[in-house]
Amino acid sequence: MKLNERSLAFYATCDSPADNAGFLYKRGERHTAYHRRWFVLKGNMLFYFEERDSREPVGVIVLEGCNVELCDSAEGFAFAIRFGGTKSRTYVLAAESQAAMESWVKSLSRASFDYMRLVVRELEKQLQEMRWGPAGGCGDSWKPKPSGLEQPRERPPALPAILPKENGCAVWNNAPGAERPPDSSGGGGHDEEGTPRPPPLPPRRRVSDGEAASAGAAVAESPSTFCRLHEQYSREVARLRQDWQQRRRGPRP
């Protein structure tokens, strides 16, 4: 990404929120005198202005590959921004109070991209441990420890995948854990795998000869009964139709 003075000036003075801002004393590179400047920290860029209302920054410090540490100086509450390398410049700054110095040191130490990458990795590691447990452990997922007052909840018995049927109908009380009347016939119960078996079918009742004869007679006489009813209602409908036709024609002369 290419940056020029115009884009840096716009980014320094735009309405985007700053990570930190305030007055600091900056020591000159050639002269050891300190100058009061207005500093604005945005991301990993530290801008400094001559005045608070200045439209363009005097300079910018890119906070990558540097260390922020306290230092001894004629000014109180001083700290330094040191970059790696023999020809790299060291920026010496001083705050107006102990609280302001601690705030700036903390903000500048967390501004680099390398620090943010370490934070993201640590958070991803913690999230993975919460989900799957620490590496090399038992692998159980993280669960909150129950307090001594809480009682463990009993899990309800699971219903079988296929409910047993009796005479073609599902029997719900054959589920595990359901109350069953004692089986005196010796059937039902559970098999070797613990699956409930359906109760035995009731024996078929034998029909006596008298009942069979009466049922046959009822079946035999049912057609004759229908025919009698049909003839009776047919005569009634014919009589009513004849009376209606006579009333429609009127009295004969």
Side-chain angles (χ1 to χ4, degrees), residues 1-137 141-142 144:
M1 181 178 64
K2 296 182 179 180
L3 296 176
N4 52 30
E5 294 182 0
R6 182 177 300 179
S7 61
L8 286 176
F10 174 78
Y11 179 62
T13 57
C14 66
D15 296 335
S16 61
D19 299 323
N20 203 344
F23 283 104
L24 292 175
Y25 293 92
K26 176 180 173 295
R27 191 177 70 180
E29 183 178 5
R30 298 180 180 179
H31 305 284
T32 58
Y34 284 84
H35 301 278
R36 193 170 184 261
R37 297 287 185 261
W38 176 257
F39 283 80
V40 176
L41 175 63
K42 288 187 176 183
N44 62 346
M45 293 185 179
L46 180 62
F47 300 94
Y48 54 95
F49 303 78
E50 289 186 357
E51 298 294 338
R52 183 171 184 175
D53 298 332
S54 300
R55 295 185 178 181
E56 294 184 359
V58 178
V60 59
I61 304 173
V62 181
L63 302 172
E64 293 295 339
C66 62
N67 296 323
V68 182
E69 56 188 22
L70 302 180
C71 65
D72 296 331
S73 177
E75 292 287 337
F77 313 114
F79 58 94
I81 303 176
R82 302 182 185 276
F83 291 86
T86 56
K87 298 182 179 181
S88 299
R89 179 182 174 183
T90 299
Y91 295 87
V92 180
L93 307 174
E96 296 179 348
S97 63
Q98 180 71 21
M101 181 191 68
E102 294 177 358
S103 175
W104 275 107
V105 170
K106 183 183 298 184
S107 301
L108 297 175
S109 301
R110 299 177 178 180
S112 64
F113 177 77
D114 293 336
Y115 176 83
M116 296 300 298
R117 182 168 51 188
L118 293 176
V119 171
V120 170
R121 289 180 179 177
E122 183 63 24
L123 292 177
E124 290 178 349
K125 181 180 178 181
Q126 294 180 7
L127 181 60
Q128 183 178 4
E129 291 179 357
M130 292 176 63
R131 287 182 175 177
W132 310 106
S141 60
W142 177 85

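Partner Leu46 forms a side-chain contact (heavy atoms from CB on, under 4.5 Å) with one of Val40, Ile81, Val60 and no other, that one being Ile81. Checking each of Leu8, Ile61, Leu63 against Met45 for a side-chain contact (heavy atoms from CB on, under 4.5 Å) leaves exactly one that passes, namely Leu8.
Listed here is the closest heavy atom pair of Ala94 and Tyr34: CB-CE2, 4.4 Å. Here the closest heavy-atom approach between residue Gly84 and residue Ser88 is recorded as O-OG, 2.7 Å. Across all non-hydrogen atoms, the minimal contact from Ala80 to Thr90 is CB-CG2, 4.0 Å. Here the closest heavy-atom approach between residue Ser73 and residue Ala78 is recorded as CB-CB, 3.7 Å. Shortest non-hydrogen contact noted between Trp104 and Ala21 is CZ2-C, 3.7 Å. Heavy atoms only, all atoms of each residue included: Ser109 and Val68 are closest at OG-CB, 3.8 Å.
Side chains of Glu102 and Gln98: a donor on one and an acceptor on the other come within 3.5 Å.
Put simply, the side chain of Glu75 does not reach to within 4.5 Å of the side chain of Val92, judged on heavy atoms. Side-chain atoms of Glu124 and Gln128, non-hydrogen and from C-beta on, never get closer than 4.5 Å to each other. Looking only at side-chain heavy atoms (C-beta outward), Thr13 and Phe47 stay at 4.5 Å or farther from each other. At a threshold of 4.5 Å between non-hydrogen side-chain atoms, the residues Cys66 and Tyr91 do not count as touching.
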Do any side-chain atoms of residues 113-120 form donor-acceptor pairs under 3.5 angstrom with protein atoms, and if so which ones, sequence neighbours left out?
unit_1, atom_1, unit_2, atom_2, d
Asp114, OD1, Arg117, NH2, 2.8

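At least one donor-acceptor pair closer than 3.5 Å links the side chain of Asp19 to the backbone N or O of Gly43. Checked by atom type and distance alone, the side chain of Ser103 never pairs as donor or acceptor with a backbone atom of Ala99 at under 3.5 Å. In this structure, Ser54 contributes its side chain and Glu51 its backbone to a donor-acceptor pair below 3.5 Å.
Within the structure, ring pair (Phe, Tyr, Trp, His ring centres under 6.0 Å) pairs that include any residue of residues 48-85 comprise Phe39-Tyr48 (at least two apart or interchain).
Distance check: Arg37 CZ to Phe23 CZ gives 10.5 Å after rounding to the nearest 0.5 Å. The NZ atom of Lys42 lies 3.5 Å from the SG atom of Cys14; values are rounded to the nearest 0.5 Å. Interatomic distance, CG of Leu70 versus CE of Met101, reported as 5.0 Å (0.5 Å rounding). One distance of note links CG of Leu24 with CZ of Arg36; it measures 9.5 Å at 0.5 Å rounding. One finds the CG atom of Leu127 at 11.5 Å from the CD atom of Glu122 (value rounded to the nearest 0.5 Å).
Within 6.0 Å of CZ on Arg89 lie more than 12 heavy atoms contributed by other residues, nucleotides or ligands.
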